[in-house]
Amino acid sequence: MTNREDMTLTSSGFYVSQEAPIRTSNPVPTPQAAPPDILRCAYMELVVTDLAASRAFYVDVLGLYVTEEDDTAVYLRSTEEFIHHNLVLRKGPTAAVAAFSYRVRSPEDLDRAVGFYTELGCDVRREAGGFVKGIGDSVRVVDPLGFPYEFFFQTDHVERLSWRYDLHTPGELVRLDHFNQVTPDVPRAVRHYQDLGFRVTEDIQDEEGTVYAAWMRRKPTVHDTATTGGDGPRMHHVAFATHEKHNILAICDKLGALRRSDAIERGPGRHGVSNAFYLYLRDPDGHRVEIYTQDYYTGDPDNPVVTWDVHDNQRRDWWGNPVVPSWYTDASLVLDLDGEPQPVAARTDASEMAVTIGADGFSYTRRDEGEESMPEWKQGEYKLGNQL
């Protein structure tokens, strides 16, 4: 972890520094084999228990476009996408994630993926015809952290619908933005994904150096994936971007008009981390979906890393709204390559929820004044007892 003495405190209340290796006492070995060159997060394969209900949520409510479908699966994409899909809904007995899928730069990167993960002793499988429709030669692995990852280059192209304004809705989802993974040991996860070429853009720590979450990118945005500390491996959320804040407000209005406001778990609001405007929804199986917009460019090689204090109540919501406990505790199971749920291991490091809204937790708006500086009616708002 980066020492606070090596960070610069900004006028916005967070710290910045240059990226340093994440220190972990239990690292995944770094393979001698070169990693695949990842371009971006590309799609997620979700297992859902009621395909019709999930289709209605993602298509009729959120407005994703159907590329292809049959009795067992629906292939969906966002407005600006030209590859076959960004989301696969597959009917199955247990709601879970079957694949976090990344596009790589060239067909040769699939050979690199095989070599990289084989050296690590992972379950590695390659399918020349692809594991799903619309995707060609692909490699799927269970990575050392227990997550099902896929890498592909070849894909069917479809029409990009950016110019089809006659089809657009007020809450138009324009692209897949990122994944978020729940793992017990965040430094171990970060160190491994750095071996894959991911760079840290932001993290949450305490003064003792405990890392509660980290954001990592391949494309030049805040993240393609994030690691959130908790019982895992599990999937916290998949995120789709809109162009503007008003698109997110339109989704909220639509859910209200449909009498489906109970699908809103958290927000709308603005994150401190990422600076993005957000909304968190839960689909019919409880899978969490974030609607996200207006983060920032991170593509320069000396892009500074942002570090937030875990007790800063503006890190998760810039306006200081408390986080609902389910957002910290609930997440989706992930599957192995045979379709069986991966066992979930408990986090042993401190929990972000416990240190901020637990019985002995505290939060602050102005660091030097502490929680006591808040108005009386707001004091204790971040503690569990006060939320009940």
Does a side chain donor of either [X] or [Y] reach within less than 3.5 Å of an acceptor in the other side chain?
| X | Y | result |
| --- | --- | --- |
| H243 | E80 | yes |
| D312 | Q314 | no |
| T24 | N26 | no |
| H237 | E265 | no |
| R77 | T67 | yes |
| S17 | D6 | no |
| Q181 | T227 | no |
| T298 | N303 | no |
| D349 | T210 | no |
| E290 | Y278 | no |

I need the [X] [atom1] to [Y] [atom2] distance, nearest 0.5 Å.
| X | Y | atom1 | atom2 | value |
| --- | --- | --- | --- | --- |
| F240 | L62 | CZ | CG | 8.5 Å |
| D109 | D37 | CG | CG | 5.0 Å |
| T228 | R347 | OG1 | CZ | 9.5 Å |
| H168 | L173 | NE2 | CG | 11.0 Å |
| F179 | S101 | CZ | OG | 6.5 Å |

Exercise. Within 45° of the ring axis of W327 and under 6.0 Å from its six-membered ring centre, is that where the NZ or CZ of R266 lies?
Worked result: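 Verdict for W327: a cation-pi partner in R266.
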
Exercise. Does Y15 have R4 sitting over its ring (NZ/CZ under 6.0 Å from centre, angle to axis within 45°)?
Worked result: yes

Is there a side-chain contact between [X] and [Y], using heavy atoms and a 4.5 Å cut-off?
| X | Y | result |
| --- | --- | --- |
| R188 | V28 | yes |
| C252 | I264 | yes |
| I291 | Y280 | no |
| I251 | T169 | no |
| E340 | L335 | no |
| V190 | V211 | no |
| I204 | R316 | yes |

Counting N and O atoms only, with roles assigned by atom type, does the side chain of [X] sit under 3.5 Å from a partner on the main chain of [Y], one being a donor and the other an acceptor?
| X | Y | answer |
| --- | --- | --- |
| E172 | T79 | no |
| Q294 | E244 | no |
| S138 | G136 | yes |
| D143 | G146 | yes |
| R288 | H236 | yes |
| Q154 | I135 | no |
| R140 | Y149 | no |
| R199 | P301 | yes |
| N313 | Y364 | yes |
| N86 | S78 | yes |

May I ask you to check whether over 12 heavy atoms, not counting those of [X], lie within 6.0 Å of atom [atom1]?
| X | atom1 | result |
| --- | --- | --- |
| K219 | NZ | yes |
| Q32 | CD | no |
| D71 | CG | no |

So, for [X] and [Y], which heavy atoms are closest and what is the spacing to 0.1 Å?
| X | Y | value |
| --- | --- | --- |
| D224 | R218 | OD2-N, 2.6 Å |
| P268 | L279 | N-CD1, 3.9 Å |
| L9 | G13 | CD1-O, 3.8 Å |
| V334 | P233 | CG2-O, 3.6 Å |
| V47 | A98 | CG2-CB, 4.2 Å |
| V132 | R90 | CG1-NH2, 3.6 Å |

Set of residues satisfying side chain to side chain contact (heavy atoms under 4.5 Å, CB included) with respect to [X], sequence neighbours excluded:
| X | answer |
| --- | --- |
| V16 | T8, T10, F14, P304, V306 |
| D285 | V48, T49, S54, A95, D283, H287 |
| E68 | Y75, H84, K133 |

Exercise. Out of R175, R40, R160, which one pairs with E81 under the salt bridge (charged side-chain N to carboxylate O under 4.0 Å, His left out) rule?
Worked result: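 Result: among R175, R40, R160, R40 is the only option passing the salt bridge (charged side-chain N to carboxylate O under 4.0 Å, His left out) with E81.
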
Exercise. When the aromatic ring centroids of H223 and Y292 are compared, is their separation below 6.0 Å?
Worked result: yes

For this session: Take R367 and D309 through the test salt bridge (Lys or Arg N to Asp or Glu O under 4.0 Å) and record every step on the way to the result.
Result: CA-CA 9 Å; R367 180 178 176 82; D309 187 283; 3.1 Å; yes

[X] and [Y]: same hydrophobic cluster, using ILVMFWY side-chain contacts below 4.5 Å?
| X | Y | result |
| --- | --- | --- |
| V273 | V222 | yes |
| V97 | V182 | no |
| F152 | L39 | no |
| V104 | M216 | yes |
| L258 | I248 | yes |

For this session: Answer yes when R126 and D137 have at least one side-chain N-carboxylate O distance shorter than 4.0 Å, and no when they do not.
Result: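 Yes, charged N to carboxylate O under 4.0 Å.
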
Exercise. Among Y193, F198, F153, which residue meets the ring-ring contact (aromatic ring centres under 6.0 Å, His included) test with Y102?
Worked result: F198

Problem set entry | ring-ring contact (aromatic ring centres under 6.0 Å, His included), paired with F151, selected from Y43, F100, Y117, F116 |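 Among Y43, F100, Y117, F116, the one meeting ring-ring contact (aromatic ring centres under 6.0 Å, His included) with F151 is Y117.
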
For this session: For the pair D203 and T307, evaluate side-chain hydrogen bond (donor to acceptor under 3.5 Å, both in side chains) and give the outcome as yes or no after the intermediate values.
Result: CA-CA 5 Å; D203 63 17; T307 293; 2.7 Å; yes

